[in-house]
Amino acid sequence: MSMNLEREKASFHVTELADEKSTLLPKILYWCSVVSILAAFYFIFIYSDIEKTMGIVQKIFYFHVGSAWSAFLAYFVTFVYSILYLVKRKRIYDTYAYVSAEIGLVFTTIVLTTGPIWARSAWNVWWVWEPRLTTTLILWFIYMGYIMIRQMDGVWEKKARLSAVFGIIGFTDVPIVFFAIRWWQTKFHPIVFGNGVTQKGGGIEGNMLVALFVSLAALTFLYSYLLQKGVSFENMKIKVNQYKEKLREDLEQ
Amino acid sequence: MIEIKKLTKQADNKLILRSIDLSIERGETVAILGPNGAGKSTLLKVLSTIIKPSSGFIKINGLDLKKDYTEIKKMFGYLPHSSLLYDHYSPYENLVFFGKVYGVENPEQRAIELVKEVGLSFFLNEPVKNFSRGMIQRIAIARAIVHYPEILYLDEPHTGLDQGAISILNNVILSMKAKGTTTLMVTHDFKQAAEICDRIIIIKNGKIVDDFRLEERTLNLVTEKYQLQVEGVS
Amino acid sequence: MIEIKKLTKQADNKLILRSIDLSIERGETVAILGPNGAGKSTLLKVLSTIIKPSSGFIKINGLDLKKDYTEIKKMFGYLPHSSLLYDHYSPYENLVFFGKVYGVENPEQRAIELVKEVGLSFFLNEPVKNFSRGMIQRIAIARAIVHYPEILYLDEPHTGLDQGAISILNNVILSMKAKGTTTLMVTHDFKQAAEICDRIIIIKNGKIVDDFRLEERTLNLVTEKYQLQVEGVS
Amino acid sequence: MTFFKTAFLLAKKDLYSELKTKQVLATMIIFAGLVILVFSFAFDPTNNTTKAVIPGVVWVIIVFSGVLGLNRSFISEQRNDTMQGLLVAPMEAASIYLGKFLANFTMILIVEIVAIPFLFLLFNFQMIGSIPYFILILFIGSFGFISIGTFLAALAANSKSSEMLLPLLLFPITTPILIGVVQATRITLTNMGKLSSALAWAQLISAYDVIFFVLCILLIDYVLEV
Amino acid sequence: MTFFKTAFLLAKKDLYSELKTKQVLATMIIFAGLVILVFSFAFDPTNNTTKAVIPGVVWVIIVFSGVLGLNRSFISEQRNDTMQGLLVAPMEAASIYLGKFLANFTMILIVEIVAIPFLFLLFNFQMIGSIPYFILILFIGSFGFISIGTFLAALAANSKSSEMLLPLLLFPITTPILIGVVQATRITLTNMGKLSSALAWAQLISAYDVIFFVLCILLIDYVLEV
Ligand code: HEM
Ligand SMILES: Nc1ncnc2c1ncn2[C@@H]1O[C@H](COP(=O)(O)OP(=O)(O)OP(=O)(O)O)[C@@H](O)[C@H]1O
Ligand SMILES: Nc1ncnc2c1ncn2[C@@H]1O[C@H](COP(=O)(O)OP(=O)(O)OP(=O)(O)O)[C@@H](O)[C@H]1O
Ligand SMILES: [Mg+2]
Ligand SMILES: [Mg+2]
């Protein structure tokens, strides 16, 4: 009775997704992150000294800074892939941008939790309102906004386009976070890199620096692994949806 | 005039238009028929640059829709389901505004002329928001043709019109046709289609399933062919 | 069934309905014709309690519209220009919701049944927002009849429907008529009016100018009478 | 009977649609976070005197994110004129009101549960008062605010630019509640010695709540009539 | 040429429709008044220390009533899909943006002209700084806020609940401007000694303004594309 009953079998084409042939890459990334994280644990907890004034809590530092840098990196990747998406309009770029932003948000959340935990022992408060902390919080809000744009209803092209635009605009906050302590004089948050040595809490012992770099590397590997994993997961979801739709169309005829 | 090649439109995973090939000559008046949800409105939306095609190639008057859209936008008039009118403006203000946007010469006079043409002179300066459905549709038609377009995309233009307005509209289309305007009209009203169109396209499931010329303007032929294609109609 | 006495409606200073007297028997199917802006939709809105009359008296099934509106609301189904559907809900969710609101027994089953009846079973669980105009109109019709109303107010119900859906709608109206439902239908489509209605009312300028029974279901009679009354349209 | 059933049905519809899209609630919560941020600029939170501002901030959060939700509540019925669908249905205006109120109230409670602990954390607030009393005050304050707010949202929805009109109507009408509730909150949070005074405030607000709730139920007929 | 002509045409349309209905502007101004009122409750205006809050309040007013206006700016194009009407017309997206920006900017300037003297009056504020500099700061601050705001309003308008989404996107992105502008306002209003620092802020904000304005013009194509 219904015309809608008569769907014809369409020459349905499941869109080509990123080639899955590089199955080696995730493995490599996986092992790299495992090894480097183990190494980081060694360097953090055994190799490097315990900080004199803050004691064991200072160990949080490595995760704190590492996550912050990984978050920055993640947002940068989002930024780049957003531009790429707007130019090339390939779904894969959008997926990268999206997954990277999500991971970035997770890392920012880690910064925003380790920070206060550390602050509790270092400054005896959970939170103070000073530029570095505030701008980091804003960063978090910006990428929450990014996620909200992705939650919009509509076809994926629209969401991809709008969130790409926002990913570009929103990235401007990242350099601001980075330079926040360098522009505003801050009472609290220490600077290590750049002209930090003169500031309170600044400067860093050699072996701590090594541990820092190892943990940076570890978190960067972790980030790339997560990105890779997330993207292939997203692709899988897209594919499943395509097959579902195809199945439906087949059913409908 | 209009050249469509392998046009597809996909919304998420749903194929709405499946590889449409179509070529329309200057001055033709084409009716697009088809069951509900066939993709007729979507086709017009793609042509009027309101939505982007997923793949395929469209040339209008030799210009590529993807690149020269600013040029193309000047050429066509589009009448979708919604009226595209500013509610709190009067027909006059609406038409003058759109006239200016399209760079029509003497938009004020054009507006008055058009409002008269669609038979609403008495309502020239009343805000559109209080209008009845048919009155809004009349002004929407005037809006679509304010800039003497070379191409007209009409999506069910007869909805809500009374008998008088239907003949006004048909006359407008025919007189514009006489001046060489190409018209694409989506409709469910076979009578009107048979009356003013010289070519019928039937779309079903996002594909063109029939395409024939109508030499004699016979309603029966249209109904017959439609039945044939869309038989077992919903 | 419906008893209207000296009904007038004034919006600001504009008289939209001017002293309408009308009485409709149970089981009648009445078409309301008239030019654009005549006041047809306004009449239906008044009857469906969407707007209040300025003066006059309406009795439905012996109940006073002013006082017993809760009782009356249960009796009628109303299909206005807009669909009254929740965009992000599927047809199923929409119909179940309205079914529950009207206290229909077994609303889930009723919803499935209705969606099937209007030929959209495959879209049962897709959000309404992506539907085409005709598909929305189909669901809107289903919504209007979800509670087996005794009275139906339909405002241009055929808009946007394809041929298949039109015959579905006509069948629905006729089968409800067989069960004793009274129908008031505003339309510009004389063919449909002649096909399903047994009484025609012509409204012009807010007044009933003609009111006749249609024994033979002849389109010509309708067109003729309409021409007679509405020549030199609105 | 059907009165409450319909109200629950409506509330369920709104909450279910919220459950599906999660947009309104998410926005309200994030907005609450942003208000906290804005306040941190306005007053230097390290400054100890600004601790006194916390009770005010709590209510500013509720008010502002509440307005967002309230706006939605009737604007969302405008698309496709679904409001007409409800008005044509055999339900009383009061039960539409009650349904909308329940949905809004649920949402604001969720926002409060999420946002207020955050606020305390971010502003480093040491609770020295009584939590149960604080919750009581929150509850009666929100009740009043949302009940009046739902009513006025229904009223404002008649305007073309209703999302602008609502705060304009709402703020002046609810100031008595807000003033009282801020005072009471201040006491329960920082100065339990004056508890009796807080309770007096609470009684006053409750009275105001009840009066307005009844008034709203009585008057909503006229607002929703078309 | 036609680029600017179209932009002016659009701005004129919006402002003319505002002139006819006076709704948006009136609401913005009344809302500004309400914010002032709320603040006068929150801090006792006679208290001298709260004078320090004035610069913040100035910008809270601009931000909140600005958001109201910005929201309207694209939501008003949704009724009858008039936005489609503009998109189908032979105009560039950038000129739609520019038109909307001009209309919004004019409106916020009017709001400022009305609300700020009123604020000073109510809070009994003795101006000891420089008015021209103050106006300069207001101007560049509003410019940045409205240019980004118009852009994000266009973006948010794609969402079903855009009036909620806009503040969510707008506040975080504009905080750098707002922080800077509040600092600069504070200096120009109360402490002309540090003028050079205010000017440094002004330069920073101007740079931010210019960067974002260009970015917006470049990216608006992608936002308004359908
Ligand atoms: C409370 C919330 C906190 C937040 C949101 C936060 C945020 C950040 C961010 C985003 C970075 C990376 C930026 C960069 O490397 O330039 C960072 C680095 C750092 N943080 Fe924090 N932080 C917080 C608390 C703390 C505390 C309590 C301490 C120690 C007392 C601390 C010490 C550091 C150090 C030493 C660095 C490396 C600085 C540098 O790279 O120059 N942070 N923090
Ligand atoms: N954004 C979307 N997402 C999913 N499906 C969509 C979307 N937009 C349109 N569709 C689907 O595409 C189909 C074609 O829609 P379209 O509006 O072109 O139909 P139509 O031929 O104009 O029908 P009608 O005669 O009812 O107006 C419909 O089935 C509709 O559900
Ligand atoms: N609020 C109002 N203020 C002023 N005039 C109004 C108002 N509402 C309706 N009208 C006028 O009332 C007249 C009748 O409107 P109505 O919608 O009933 O017409 P209709 O017969 O349904 O026409 P159509 O066939 O075009 O749908 C119109 O001229 C309209 O302009
Ligand atoms: Mg259509
Ligand atoms: Mg009508």
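Order of the sequence lines fixes the chain letters, A, B, ..., with proteins taken first and strands second; residue numbering starts at 1 for each chain.
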Would you give the length of the straight line joining atom [atom1] of [X] to atom [atom2] of [Y], rounded to the nearest 0.5 angstrom?
X: D209(E); Y: I146(E); atom1: CG; atom2: CD1; value: 11.5 Å
X: T150(D); Y: L155(D); atom1: OG1; atom2: CG; value: 12.5 Å
X: T188(D); Y: L195(D); atom1: OG1; atom2: CG; value: 8.0 Å

Show your reasoning for whether ring pair (Phe, Tyr, Trp, His ring centres under 6.0 Å) applies to F145(E) and F212(E). CA-CA 10 Å; F145(E) 181 73; F212(E) 265 91; over 10 Å; no
What residue in V60(D), V182(D), L34(D) has the most heavy-atom pairs under 4.5 Å with chain E? L34(D)
In terms of heavy-atom proximity below 4.5 Å to chain E, should [X] be classed as side chain, backbone, both, or neither?
X: F31(D); result: both
X: I30(D); result: both
X: S76(D); result: neither
X: L178(D); result: neither

Can you tell which of T27(E), L68(E), L165(E) has the highest number of heavy-atom pairs within less than 4.5 Å of chain D? T27(E)
For the pair F120(E) and F134(E), name the ring-plane relationship: parallel under 30°, tilted 30 to 60°, perpendicular over 60°. tilted
State yes or no: are the ring centers of F171(E) and F64(E) separated by less than 6.0 Å? yes
Against chain D, label V24(E) side chain, backbone, both or neither, depending on which of its atoms sit under 4.5 Å from a heavy atom there. both
